[in-house]
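Naming convention: chains lettered A, B, ... in sequence-line order (proteins, then strands); numbering from 1 in each chain. Excluded from the calculations below are hydrogen atoms, water molecules and symmetry mates; all remaining heavy atoms, backbone and side chain alike, are included.
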Amino acid sequence: MPNFMEFERPIVELKNKISEFKKLMEDADIDFSKEVSQLENRLAHLEKEVYSNLTPWDRVCIARHPQRPTTLDYVRYLFDDFIELHGDRYFGDDAALIGGIAFFQGKPVTVIGQQRGRDTKENIVRNFGMPHPEGYRKALRLMKQAEKFCRPIITFIDTKGAYPGKAAEERGQSEAIAKNLFEMAGLTVPVIAVVIGEGGSGGALALGVANRILMLENATYSVISPEGAAALLWKDSTQAKKAAQAMQITAKDLYELGVCDEIIKEIPPGAHVDVKVQADLIADRIQIALNDFSTMLPQEILSQRMNKYLRMGQFRDQPFG
Amino acid sequence: MNINIFSKKKKYASVVLSNKKSVEAVPDGIMTQCDKCKKIWVTKAFKEALNVCPNCNTHHYISAEERIHHLLDENSYEPWDTELSTINPLHFDNYMEKIEADQIKTGLTEAVITGKGTIDGLPLGIAIMDSAFRMGSMGSVVGEKITRAIFRCKEMKIPFVIFTASGGARMQEGILSLMQMAKTSVAVKQLNDAGVLYIVVMTHPTTGGVSASFASLGDIQLAEPGALIGFAGRRIIEQTIGEALPEDFQTAEFLLKCGQLDAIVPRQEMRATLSLLLKMHRTEEVSYA
């Protein structure tokens with residue numbers, strides 16, 4: 001597999017050409033500086049064109065990039081003194097979902113997020129970031145703890161979905177997700193959700209009943225994966241590109257549908273280029289969100305969140321036809 | 001009241017008797033075959049048994065209208081929010097055509113009916129999902145109708161009972177259908193905080209986004225025998241874990257064993273069970289609370 005995404009091919013090819021010229025200049029001592037500068041100009045234009053015309057599927061590829069920063073990558077840059085807290089107190093500790101307490105700009109916050117692995121070995125430990133019920137129950141335990149100590153909650157959404165396994169069903173995957181939606185509805189502290197990668201279905205939403213939903217520019221949030229949608233709708237999972245378009249899963253789509261509140265810019269072609277710069281961009285938006293909610297009473301915070309979700313959906317208030 | 005607007009489309013097999021030599025004189029649809037044990041019954045008797053096979057106890061599909069009819073006191077049902085109708089927010093190809101086709105097929109406007117009524121004189125709000133309409137999937141209208149029904153019950157302080165039947169979220173409404181999970185759960189939270197009883201009866205099938213939201217948040221969780229209940233689809237789980245699942249996996253009986261249900265109640269006993277639970281939660285009798 002090449003280490004670039006398909007839509008980047010023309011850029012990569014042009015870059016290769018430029019370095020060839022540069023190498024020739026060095027090796028053969030011929031002056032190509034005019035050609036190089038022309039090509040570099042062209043490259044700038046090309047990059048601008050490619051990155052401003054990304055298709056939904058291109059964004060899916062960026063969101064799935066193997067080097068895409070994970071929750072813990074951002075935790076490292078966004079917070080100080082993060083202490084991870086483990087376990088749901090009923091069954092076990094789910095490594096696919098992490099949580100703990102940390103300082104954000106000097107103030108304590110509770111941090112929770114799904115955690116993918118950064119390589120195959122780690123992904124096996126992290127179960128590819130797909131939590132079991134005990135993961136969601138750990139999240140809920142930490143959220144209730146945050147509420148008790150009046151700490152804001154910051155969640156990072158990054159999962160293909162809740163794990164579809166036998167044990168997960170036996171231990172009540174549905175109940176665990178439903179209970180999180182129910183309890184998050186009643187939290188009296190601010191909840192800021194940041195969708196950093198793929199937001200897959202109920203397994204993502206279980207950390208997503210928030211006062212403010214932020215999405216990275218190339219993150220996706222969807223009721224089902226493009227492959228799953230294609231299989232269900234057209235009985236053909238190879239139609240994923242088409243489904244990515246039709247399902248309206250990009251940050252821009254969700255902003256227009258009134259689900260996402262803010263889009264956080266990414267450095268082209270994506271957050272994997274520089275996690276530190278990306279973390280700074282996220283920090284700005286978290287800080288603004290926390291400031292906005294800092295003057296609200298607990299009851300106001302709760303009502304703002306409830307009303308936000310009660311408004312979700314589009315329908316007609318008169319008979320069909 | 002208004003329940004005659006529904007058609008009589010059934011999901012179980014009606015035997016085409018004209019092809020059968022021995023009963024050639026019997027008109028179409030007068031006999032019904034259980035597709036599980038293959039026994040053939042007189043349709044009238046089968047319907048009197050509430051579409052439960054008298055031989056193998058399989059609980060067959062029953063329409064929302066028929067449920068209202070056998071659960072509520074006669075003429076007590078008053079529907080709510082019948083004017084809400086579906087639009088096509090993502091401009092999905094053929095979505096409205098599919099909605100219209102199911103409206104004609106079922107006589108329903110959407111996959112859930114809501115309203116109020118009484119059981120043995122005790123008032124309740126009720127919602128019944130119908131799997132014959134887009135597999136009972138939850139889009140904006142289903143979410144809104146359930147939410148409004150919950151708020152009415154909260155205002156009136158009457159118990160809310162829901163019969164769930166759903167394949168999950170409505171794909172054609174994308175993220176908006178996912179958000180209905182949050183929306184209905186917010187409503188249930190408010191109902192809960194108002195101290196109002198919420199009973200869930202999970203019927204076949206209750207899966208995906210519906211099972212992972214309001215369907216799992218009842219004060220009391222009941223299910224019909226044999227109902228398929230679960231989060232992920234059986235095939236997806238088998239592919240993921242690479243092994244075959246036990247026969248009874250994700251049935252109501254399996255869930256009861258796993259501690260996920262309060263009780264399994266046969267359809268014939270449902271009205272009596274609900275009546276009893278409503279009596280036990282009559283607000284005037286918990287004066288010490």
| message | I'd like to know whether Phe293(A) forms a side chain to side chain contact (heavy atoms under 4.5 Å, CB included) with Gln304(A), so could you lay out the CA-CA distance, the side-chain angles of the two residues, the decisive distance to 0.1 Å, and finally the verdict. | response | CA-CA 10 Å; Phe293(A) 292 111; Gln304(A) 188 267 351; 3.8 Å; yes
| field | Most contacts with chain A, counted as non-hydrogen pairs under 4.5 angstrom, among Val210(B), Ile229(B), Ile87(B) | value | Ile87(B)
| said: Using a strict threshold of under 4.0 Å (side-chain N to carboxylate O), is an ion pair present between Lys242(A) and Asp236(A)? | reply: no
| Under a 4.5 Å heavy-atom cut-off, does chain B meet the side chain of Ser222(A), its backbone, both or neither? | backbone
| So which part of Leu205(A) gets closer than 4.5 Å to some heavy atom of chain B, the side chain, the backbone, both or neither? | side chain
| query | Which bit of Ser211(B) comes within less than 4.5 Å of chain A, counting heavy atoms only: side chain, backbone, both or neither? | reply | both
| said: Less than 4.5 Å to any heavy atom of chain A: does that hold for the side chain of Leu90(B), its backbone, both, or neither? | reply: both
| task | Counting only heavy atoms closer than 4.5 Å, note whether Leu254(A) contacts chain B via side chain, backbone, both or neither. | result | side chain
| field | Plane angle bin for Phe254(B) and Phe249(B) - parallel if under 30°, tilted between 30 and 60°, otherwise perpendicular | value | perpendicular
| field | Lys/Arg N to Asp/Glu carboxylate O, Glu170(A) vs Lys166(A), below 4.0 Å | value | yes
| query | Does NZ belonging to Lys189(B) count more than 12 external heavy atoms closer than 6.0 Å? | reply | yes
| query | Heavy-atom distance under 4.5 Å to chain A: side chain of Gln239(B), backbone, both or neither? | reply | neither
| Looking at Glu134(A) and Lys138(A), does any basic side-chain N land under 4.0 Å from a carboxylate oxygen? | no
| Can you tell which of Leu255(B), Asp193(B), Val188(B) has the highest number of heavy-atom pairs within less than 4.5 Å of chain A? | Val188(B)
| query | Quick one: what part of Asn192(B) sits under 4.5 Å from any heavy atom of chain A, side chain, backbone, both or neither? | reply | side chain
| query | What part of Glu238(B) gets closer than 4.5 Å to chain A, counting heavy atoms only: side chain, backbone, both or neither? | reply | neither
| said: Assess whether a salt bridge exists between Arg137(A) and Asp94(A), defined as any Lys/Arg side-chain N lying under 4.0 Å from an Asp/Glu carboxylate O. | reply: no
| Toward chain B, the part of Arg305(A) with a non-hydrogen atom under 4.5 Å | neither
